[in-house]
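Have a look at the structure below before the remarks.
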There are 4 protein chains.
Amino acid sequence: MKVIADICVIPMGVGVSVSEYVAVCKTIFTEANLNPQLHGYGTNVEGEWDEVMTALKLCHEKIHAMGSPRISTSIRLGTRNDREQTIADKLDSVNSKLTGI
Amino acid sequence: MKVIADICVIPMGVGVSVSEYVAVCKTIFTEANLNPQLHGYGTNVEGEWDEVMTALKLCHEKIHAMGSPRISTSIRLGTRNDREQTIADKLDSVNSKLTGI
Amino acid sequence: MKVIADICVIPMGVGVSVSEYVAVCKTIFTEANLNPQLHGYGTNVEGEWDEVMTALKLCHEKIHAMGSPRISTSIRLGTRNDREQTIADKLDSVNSKLTGI
Amino acid sequence: MKVIADICVIPMGVGVSVSEYVAVCKTIFTEANLNPQLHGYGTNVEGEWDEVMTALKLCHEKIHAMGSPRISTSIRLGTRNDREQTIADKLDSVNSKLTGI
């Protein structure tokens with residue numbers, strides 16, 4: 001089952017700057033071939049369900065190992081079985097409505 | 001790695017009533033021994049990371065099989081390595097601040 | 001427009017324990033007559049849209065005043081115009097499916 | 001109080017395709033000068049708290065008027081009082097860690 005996920009990882013107990021941790025997660029997602037796309041409040045990824053969850057688990061393990069004792073992550077997860085759809089397809093679909101094409 | 005998760009599954013393309021699907025998920029979480037606790041906008045579960053993710057995948061598969069072609073789920077996921085903490089512990093901690101004990 | 005919201009406020013830069021801040025928010029929601037109901041990963045509230053947003057803004061202002069320089073909140077917001085529905089109605093609806101009534 | 005928000009609006013009861021509604025929300029955010037930035041699972045906006053909440057309320061009202069009887073929105077909301085920060089600043093901060101600059 002393919003999934004498109006939007007992931008926002010918040011390390012706690014490490015101060016207010018968390019960009020270092022977000023960068024580490026992006027690298028993990030890249031190495032897992034999940035096509036990570038950073039935005040201003042999270043990261044989009046896409047791939048097989050199990051691969052996404054394994055990579056996300058690795059993010060938590062790595063961030064704990066970097067010194068954060070507690071992590072709170074918010075995720076949106078989308079699956080569909082009517083047709084294949086990528087992150088790029090979703091953006092194209094909205095943009096076509098905006099431009100009237 | 002233990003995780004406390006808060007899960008809100010939204011089946012799309014099946015009308016506005018989704019309680020049937022939420023009930024199915026709760027049953028899946030109960031059978032997986034994840035201590036599900038329903039609230040007004042989701043379900044709390046707790047257990048090992050892989051078991052939570054496997055049960056959630058089963059929820060998506062089941063809801064698709066029930067006829068929903070698309071599902072959008074929002075999740076909060078908490079892990080910590082400084083100490084063990086249960087859902088009940090978290091509630092106790094807030095409630096103790098409210099009562100001044 | 002009535003709204004049911006599920007709110008999880010995460011103060012950053014204040015260590016790993018956040019129950020004190022959650023308790024303060026619950027008090028703010030109670031004083032705003034938003035019927036707050038705490039669960040293991042957030043708080044359900046219900047009321048008029050503007051009243052919910054005003055109370056949530058007050059939570060952010062209060063938590064900043066208590067010393068947290070940064071706050072990241074995740075929210076689920078539900079509105080409907082087909083019928084009135086309360087938090088209790090939502091729970092009843094799922095529970096009736098679980099018991100087979 | 002400035003806020004950066006990430007908003008994902010899910011109209012229910014209108015089928016599986018929701019891009020039309022996402023496009024309408026983006027237009028509302030643009031007209032409110034909230035600098036909307038679409039990604040694969042939501043839209044980033046930034047501005048004054050009250051202006052963001054007013055625009056989001058307008059999105060719900062508009063989507064109901066377009067025929068969706070029920071809407072479930074997930075939001076991430078960030079405020080900070082230690083310094084000014086824009087969506088672009090957040091992306092720059094992560095990207096600088098990725099490139100080693």
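Reminder, nothing fancy here: chain letters follow the sequence lines and each chain counts from 1.
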Legend entry - Contact winner vs chain A - D/I87, D/T27, D/L91, heavy-atom pairs under 4.5 Å: D/L91
Inset, instruction - Over all heavy atoms of both residues, which pair between D/R76 and A/S74 is shortest? Give the atoms and the distance, please. - result: NE-OG, 2.6 Å
Inset, instruction - State, to 0.1 Å, how close A/N44 and D/Y41 come at their nearest heavy-atom pair, and which atoms those are. - result: OD1-N, 3.6 Å
Legend entry - Close side-chain approach of D/K26 to A/V94, heavy-atom, < 4.5 Å: no
Legend entry - Atom group of D/D89 that falls short of 4.5 Å from chain A, counting heavy atoms: neither
Inset, instruction - For each of A/T86, A/D82, A/V22, A/V24, tally heavy-atom pairs with chain D at distances under 4.5 Å, and name the one with the top tally. - result: A/V22
Inset, instruction - Decide if atom NZ of A/K62 counts as having more than 12 heavy atoms of other residues, nucleotides or ligands within a radius under 6.0 Å. - result: no
Legend entry - Under 4.5 Å from a heavy atom of chain A, the part of D/I10 involved: neither
Inset, instruction - Measure across A/S19 and D/K97 and return the closest heavy-atom pair with its distance rounded to 0.1 Å. - result: OG-NZ, 2.9 Å
Inset, instruction - May I have the step-by-step check of side chain to side chain contact (heavy atoms under 4.5 Å, CB included) for A/N95 and D/L38, ending in yes or no? - result: CA-CA 9 Å; A/N95 285 326; D/L38 201 67; 3.7 Å; yes
Legend entry - Greatest number of heavy atom pairs closer than 4.5 Å to chain A - which of D/S93, D/G40, D/A88: D/G40
